[in-house]
Amino acid sequence: MIQITLPDNTVREYREGITAMEVAQDISAGLARNVLAAQVGDEVWDANRPITEDASIQLLTWRDEKGKAAMWHSSAHLMAEAIELLYPGVKFGIGPDIAAGFYYDVDFMDYSISEKDFDKIEKKIIELAREKQQFLRKDVSKTDALQYFSEKGDEYKLELIEDLNDGEITFYESGHFTDLCRGPHIPDTSTIKAVKLLKVAGAYWRGDEKRKQLTRIYGITFPKKKELDEYLVLLEEAKKRDHRLLGRELELFTFSQQVGQGLPLWLPKGAELRERLENYLKEVQREAGYEPVITPHIGNVNLYKTSGHYQKYGSESFHPITTPVEGEEFFLKPMNCPHHCEIFNAKPHSYKELPLRLAEFGTVYRYEQSGELHGLTRVRGFTQDDAHIFCTPDQIKDEFNGVIDIIQRIFTALDFKDVLIQISLRDPDNKEKYIGSDENWDKAEKAIIEVAEERGLNAKTEYGEAAFYGPKMDFMVKDAIGRKWQLGTIQVDYNLPERFDLTYIGTDNEKHRPVMIHRAPFGSMERFVAVLIEHCGGNFPLWLTPTQAIVLPISEKYQNYAEKVLQLLKKHEIRGLIDDRSEKTGRKIRDAELKKIPFMLIVGEKEEAEDSISVRKHGHGDMGTFSIPDFANLINEEVDQMINKK
RNA sequence: GCCAACAUAGCUCAGUUGGCCAGAGCAGCUGAUUUGUAAUCAGCCGGUCGGGGGUUCGAAUCCCUCUGUUGGCUCCA
């Protein structure tokens, strides 16, 4: 007999070789119907795999992430089976589950596949799912495994098997399809009730662009048709929040083929919004002891040879521009740090001046591959809210604290609640990969970890993720539909101070090497605004939105009063407009709602007589009558609360 | 850059066995209307059908090519 411990810590005795499925049946038939896989100890197993030792197990259903993973992984097999039946002779790469669904990389040989074929494949998948195919796990020797796939002529699987050790190879067989697979899988395919293939894309074999490109098909499955429909609605909702769509509708930015791809044009409303963000940060930085600097958009190639960027990125940058007479070469600046290093070098520094914090909204240009460009999140010209802090190794901790203060203030002001933080440290087993002394690295890493602990940051620490020049801390936010975006970053740099031979004179009257900290709370203005748009769905925080209130006169008769209201609002620093079109009020309200203007102020006979406004809040409706000063206070208090909250 | 799909008016989209001067709604302009919490009515303007080449008596429609966009892959100082 063996002892099985359940999540609630009850222990049950079963015969050796019992399966998780049998345990589930023992608990309840309903549970057994829903079991997709089981967590056994640290591993996820097939529910029907015999358990031979004492173990703590957890039965996984559709409600568990790991249960979903098993379902989607099994769905990938099922899709492969369908594809193999429809397109005999194709070869398979890998087919894992992903965060939302699964994909399979397929070498379609001479077949050409497009989304038009999805319908056919989906039907086949459902047909196969109804056969209630079971997934049979088989241990296979390496020789047998190699033989099976060489007979099948699938060189991709052969390559995968070559990398595995004999004794740890398993096959899974379901229906007509046998695959090299570690598992786990769901008991049978009957759980897969609804399927949707989502996209087809090229994907390099093993992610190597020098190797063959396979066709990757993405899909997702659900145990209920209704859940698929809900998911599709969710995708539709996501589309409506797309910053590219809202950017056009709200007239924030545009692109022009004439100007060039990946080069955003900020329209007046977008520029105004961005300027407000920049001014806000400038003010916060001024308070925090930053000094503004301004540097040109180009720099001599020698600057980048000194920084090392030329050697590393020169070949994939925009080609240098040259002076017509001397033939001197200049790069469009891909980052601001080399320029800032030269500012540091403009004069000798005493330890008393440190930390020195140089800030610049610096516009940089990078050659991004054309297929990579995406709205404002991935562009070829963008502005970083950059600053470089030159300090001593002992000051790193304080400086990190200071930067985190700024970042958290910003996220609060913009209502980003879900902030993920990642600390990237050295790979402790490969210390020689990194530049800078062991001592300094230890000091910086310790400082970062301490800061995170002292502030109670919910940070994830990743070893081996640091840049070669220093450890870093990145801030990611989730947008309203759960996608993660990397925004702010704080990076320690031991490299550039060496390369630019930066020094300061210490208390001992000797030269010392400062440490540099790169930091950008927004990251890039372009990406940040894009994420902000998607995060708030175009309903910007009141302090940022281009138009805070629009005055809607009932008819032309109240035009003068509307003007008066607007002037009073301006006195209270409220940004407003008047809709003086000869339209009905219902129409003006509708248009203002669509433009996502936070407040609509309706004025007619009654309001004019009593010097008031009738306030309607976007998305909420009528709020009743206000005096103008009361309304102004309401708005200003809300703005104040967001911006000044720390 | 690679794979796939797409490209018709400012926006959203009709327009397929190739065949009358290429259509609609919204937006814009003009006029009428003077309006009370999500669309007043009428008229007008607006397109080298992404660019170029080809097939054809005839191309938005078929073929080639270039450019761009979208979804992935790769990359991201």
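Throughout, protein chains are lettered first and strands after them, A, B, ... in sequence-line order, and every chain is numbered starting at 1. All figures in this text were calculated on a predicted structure; none of them were measured in a lab.
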Residue A/Ser370, side-chain heavy atoms: nucleotide from B/A38, B/A77, B/G1 that is nearest | B/G1
Is the CZ atom of A/Phe318 crowded by more than 12 outside heavy atoms at less than 6.0 Å?
-> yes
Nucleotide B/G72, atom P - distance to CD of A/Glu115 in whole Å = 11 Å
Note: contacts of residues 330-342 of chain A with RNA chain B (heavy atom, under 4.0 Å) are A/Pro334, A/Met335
A/Gln257 side-chain proximity, nearest of B/U34, B/U67, B/A38 | B/U67
Check every strand shown and say whether A/His518 touches a base, only sugar-phosphate, or nothing at a heavy-atom separation below 4.0 Å.
-> nothing
Using a heavy-atom cut-off of under 4.0 Å over every strand shown, decide if A/Lys588 touches base, sugar-phosphate, or nothing.
-> nothing
Contiguous Watson-Crick or G-U pair runs (3 or more, under 3.5 Å) in RNA chain B | B:1-7 with B:67-73, B:10-13 with B:23-26, B:28-32 with B:40-44, B:50-54 with B:62-66
Show the distances under 3.5 angstrom between N or O atoms of the protein and N or O atoms of nucleotides 13-15 of chain B.
none

Under 3.5 Å, is there an N or O donor on one side and an acceptor on the other linking the side chain of A/Arg616 and the base of B/A38?
-> yes
Can A/Arg211 be said to sit on top of A/Tyr204's aromatic six-ring, NZ or CZ under 6.0 Å from centre and within 45° of the ring axis?
-> no
A/Ser555, nearest nucleotide to its side chain (from B/U35, B/A38, B/U67) = B/U35
When all nucleic acid strands are considered with a 4.0 Å heavy-atom cut-off, which category describes A/Gly604: base, sugar-phosphate, or nothing?
-> base
Ring-on-base stacking B/A77 with A/Tyr313 (under 5.5 Å, under 30°) | yes
Expressed in angstrom and rounded to an integer, what is the separation of A/Glu583 atom CD from B/G31 atom P?
-> 14 Å
Is A/Gln486 atom CD crowded by more than 12 heavy atoms from other residues, nucleotides or ligands, each under 6.0 Å away?
-> yes
Quick one: on RNA chain B, does A/Tyr367 or A/Glu209 contact a more 5' nucleotide (nearest heavy atom)?
-> A/Tyr367
Decide if the gap between the ring center of A/Tyr469 and the ring center of A/Tyr494 is smaller than 6.0 angstrom.
-> no
Just how far, in rounded Å, is P of B/C75 from NE2 of A/His309?
-> 19 Å
Side chain of A/Gln213 only, please: which of B/C76, B/C73, B/C2 is the nearest?
-> B/C2
Counting side-chain heavy atoms from CB outward, which of B/G72, B/G36, B/U35 is closest to A/Ala201?
-> B/G72
Nucleotide nearest A/Arg590 when distance is taken to its side chain, options B/A32, B/G36, B/A38 = B/A38
What nucleic acid atoms does A/Gln261 come within less than 4.0 Å of, heavy atoms only: base, sugar-phosphate, or nothing?
-> sugar-phosphate
Can you tell me the distance, in whole Å, between the CD atom of A/Gln486 and the C1' atom of B/A77?
-> 13 Å
Can you tell which of B/U40, B/G1, B/G71 lies closest to the side chain of A/Arg244?
-> B/G71
Atom CG of A/Leu594 and atom P of B/A39 are separated, to the nearest Å, by 10 Å
Walking RNA chain B from its 5' end, the first of A/Asp591 and A/Arg248 to be reached, judged by nearest nucleotide, is A/Arg248
Using distance alone, with no hydrogens and no angle criterion, decide if A/Gln258 and A/Ser256 have a side-chain donor and acceptor under 3.5 Å apart.
-> no
